[in-house]
Q: 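Structure in C-alpha cells, see below.
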Amino acid sequence: MHEFEMEHSDLKTNKYQETFSRFTSMPPDDDISSIVKSLLDSGFNKNFTLDVLKQIHGCIDLTTLTSLDTKETIWEMVDKIVNNYEGTHPDVSNVASICVYPLFVDTVKQALTAQDVKIASVAGGFPSSQTFTEIKVAETAMAVMAGADEIDVVMNLGYFLEEDYETLTDELSEVKDSCRGATLKVILETGALILAENIRKASILAVYSGADFIKTSTGKGYPGASPEAVYTMCKVIKEYAAISGRKVGIKISGGVRTAEDAVRYYTIVKEVLGEGWMNKDLFRIGASSLVEDIERRLGK
C-alpha cells in the first residue's frame, strides 16, 4: 500500500491535488534558469576540486545499456574499470554500482570482485515503460532474484499525461513491493516532461509511491539531465523530507560525460539539499565515460 492510500481521502482526484498543494509551486521556467545560473556562478568554482572529484567518483553508477552488450563485453567492463581499480587509490572509493540490463545481472555478479560495489538493473519495460504492470513486476522480481541490489524503472508517462495518477502510483507501488528490499530508483524522463511544473508533479508522485531515488533520464530518445530539472527535483526532495521525515536520493543521468558536468550537478544538489545528501546513499550520477574523465583528472 503506497502512501497516497494511507495519508489521503478516498476521493481519487482530490487526494492527488491535495498532495500537490502541500508542495511549493515552481516559479516560471525562465526564473528557474536564472536561479540555477546564480547557484552555479557562486558555487561551481569552489566545488571544482580534487576532493569533490574523489567524492563524485564514489557516487557513479557505471552504466552500459546498449543493444550490443554481451556477456563478454559486460565482464570486460567490470574487470577493467571496477575490479582493476580496487585498492589503487586508497583515498578514492570505487564506483557506487554497475548498471546493466536484467539479462546481465548474473554476469556482473559472477565477474565482480570489488568490495562495496552494488549491482543495479533497469527493469519494468525500460526505457518506454509501455508494457503490462504484471511484466514490470515480474521483471523487477527476476532481476532482484538474479542478484540486483538496485532497480531503475521508468515512470509511465502515458498515465502521467492522462492524469491517471491512481494507476501510475499503484503500479509504482507494486514495483516497489517486488523489489523485496532492493533500492528503487524511479526515472522521470525529465527531457520528455520539459516543464518544471510537470517535473515537480512527477517527483511528488514518485516519492509518495515509495521511490528511494528519483532519477532524471533514461538517456534514450529524449534530452538527458538538465540543471533546471535537477533543481526542481531537489526542491521536491527537500520538502518531502520535511513533511515525511524520509530522505529520498537523487540520480542524475543522461549526458553527464565530463568532470565539469558532474560538478555542476553536484553543486546544485549540495546548494539545495545540503551536505547530508552528498554521499552514495543519496546522490548518484549514471554515466559511462565520466569514470575515465575523473580518473584522468585525479592522475590515474
Q: Output the distance between atom NZ (Lys280) and atom CD (Gln55), rounded to the nearest 0.5 Å.
A: 12.5 Å
Q: Say whether Thr133 and Glu174, considering side chains only, have a donor N or O and an acceptor N or O under 3.5 Å apart.
A: no
Q: I'd like to know whether the aromatic ring centres of Tyr165 and Phe20 sit less than 6.0 Å apart in this structure.
A: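 Ring centroids of Tyr165 and Phe20 are less than 6.0 Å from each other.
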Q: Does the pair Arg200/Glu197 count as a salt bridge with the N-to-O cut at 4.0 Å?
A: yes
Q: Quick one: side-chain hydrogen bond (donor to acceptor under 3.5 Å, both in side chains) partners of Thr49, sequence neighbours excluded?
A: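 Scan of Thr49 (side-chain hydrogen bond (donor to acceptor under 3.5 Å, both in side chains), adjacent residues dropped) gives none.
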Q: For Glu150, is there an ion pair with Arg284 - N to carboxylate O distance below 4.0 angstrom?
A: yes
Q: Determine, stepwise, if the pair Leu290 / Arg257 fulfils side chain to side chain contact (heavy atoms under 4.5 Å, CB included).
A: CA-CA 5 Å; Leu290 178 61; Arg257 297 182 177 88; over 6 Å; no
Q: Could you please spell out the steps behind the side-chain hydrogen bond (donor to acceptor under 3.5 Å, both in side chains) verdict for Asp212 and Thr183?
A: CA-CA 6 Å; Asp212 299 299; Thr183 297; 4.9 Å; no
Q: Mind checking what makes side chain to side chain contact (heavy atoms under 4.5 Å, CB included) contact with Asp91, not counting sequence neighbours?
A: Lys54, His89
Q: Given side-chain hydrogen bond (donor to acceptor under 3.5 Å, both in side chains), test Thr131 with Lys136 step by step and report yes or no.
A: CA-CA 7 Å; Thr131 189; Lys136 296 180 183 183; over 6 Å; no
Q: May I have the step-by-step check of side chain to side chain contact (heavy atoms under 4.5 Å, CB included) for Trp75 and Lys80, ending in yes or no?
A: CA-CA 8 Å; Trp75 194 295; Lys80 177 181 177 182; over 6 Å; no
Q: Do Asp61 and Lys185 meet the salt-bridge criterion of a basic N to acidic O distance under 4.0 Å?
A: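 Result for this pair is yes, salt bridge flagged.
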Q: Look at the aromatic rings of Tyr240 and Phe23 and report parallel, tilted or perpendicular, splitting at 30° and 60°.
A: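 Aromatic pair Tyr240/Phe23 classed parallel.
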Q: Mind checking whether Ile187 and Val153 have side chains closer than 4.5 Å, heavy atoms only?
A: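 Sidechains of Val153 and Ile187: no contact.
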Q: Taking side chain to side chain contact (heavy atoms under 4.5 Å, CB included) as the criterion, tell me which of Ile294, Val52, Ile285 meets it with His57.
A: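 For His57, the side chain to side chain contact (heavy atoms under 4.5 Å, CB included) check succeeds only for Ile294.
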Q: What residues, two or more places apart in sequence or in another chain, satisfy side-chain hydrogen bond (donor to acceptor under 3.5 Å, both in side chains) together with Asp261?
A: Thr258, Arg264
Q: List for me each residue that meets side chain to side chain contact (heavy atoms under 4.5 Å, CB included) alongside Thr167, sequence neighbours excluded, and say none if there are none.
A: Tyr159, Asp164
Q: If I take atom OG from residue Ser42 and atom NZ from residue Lys37, how far apart are they, to the nearest 0.5 angstrom?
A: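 Here the rounded value is 10.5 Å.
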Q: Looking at CZ of Phe283 and CD1 of Ile60, how far apart are the two atoms once the value is rounded to the nearest 0.5 Å?
A: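 Separation between the atoms: 9.5 Å.
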Q: Just list the side-chain donor-acceptor pairs under 3.5 Å for residues 227-238, sequence neighbours left out, or say none.
A:
| from | atom 1 | to | atom 2 | distance (Å) |
| --- | --- | --- | --- | --- |
| Glu228 | OE2 | Ser33 | OG | 3.3 |
| Thr232 | OG1 | Glu228 | O | 3.0 |
| Lys238 | NZ | Val272 | O | 3.4 |

Q: Just how far is it from atom CD1 of Ile243 to atom CD1 of Ile204, taken to the nearest 0.5 Å?
A: 8.0 Å
Q: When rounded to the nearest 0.5 angstrom, what distance separates OG1 in Thr169 from CE in Met155?
A: 9.0 Å
Q: Between side-chain atoms of residues 101-127 and protein atoms elsewhere (two or more places apart, or another chain), which donor-acceptor pairs fall under 3.5 Å?
A:
| from | atom 1 | to | atom 2 | distance (Å) |
| --- | --- | --- | --- | --- |
| Asp106 | OD2 | Gln110 | NE2 | 2.6 |
| Thr113 | OG1 | Asn83 | OD1 | 3.1 |

Q: Between Tyr16 and Glu166, do the side chains contain an N or O donor and an N or O acceptor separated by less than 3.5 Å?
A: yes
Q: In sequence, state the C-alpha distance, the side-chain angles, and the governing distance for Tyr265 and Ile56, and then conclude on side chain to side chain contact (heavy atoms under 4.5 Å, CB included).
A: CA-CA 10 Å; Tyr265 290 115; Ile56 290 172; over 6 Å; no
Q: Give, for atom CG of Leu188 and atom OG of Ser203, the distance between the pair rounded to the nearest 0.5 Å.
A: 4.5 Å
Q: Show, in sequence, the C-alpha distance, side-chain angles and deciding distance for Glu139 and Glu134, and conclude whether the side chain to side chain contact (heavy atoms under 4.5 Å, CB included) test is met.
A: CA-CA 9 Å; Glu139 186 177 39; Glu134 293 83 357; over 6 Å; no
Q: Is the backbone N or O of Ser253 less than 3.5 Å from a side-chain atom of Thr216, with the two atoms forming a donor-acceptor pair by type?
A: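 Between the backbone of Ser253 and the side chain of Thr216 there is a qualifying donor-acceptor contact (under 3.5 Å).
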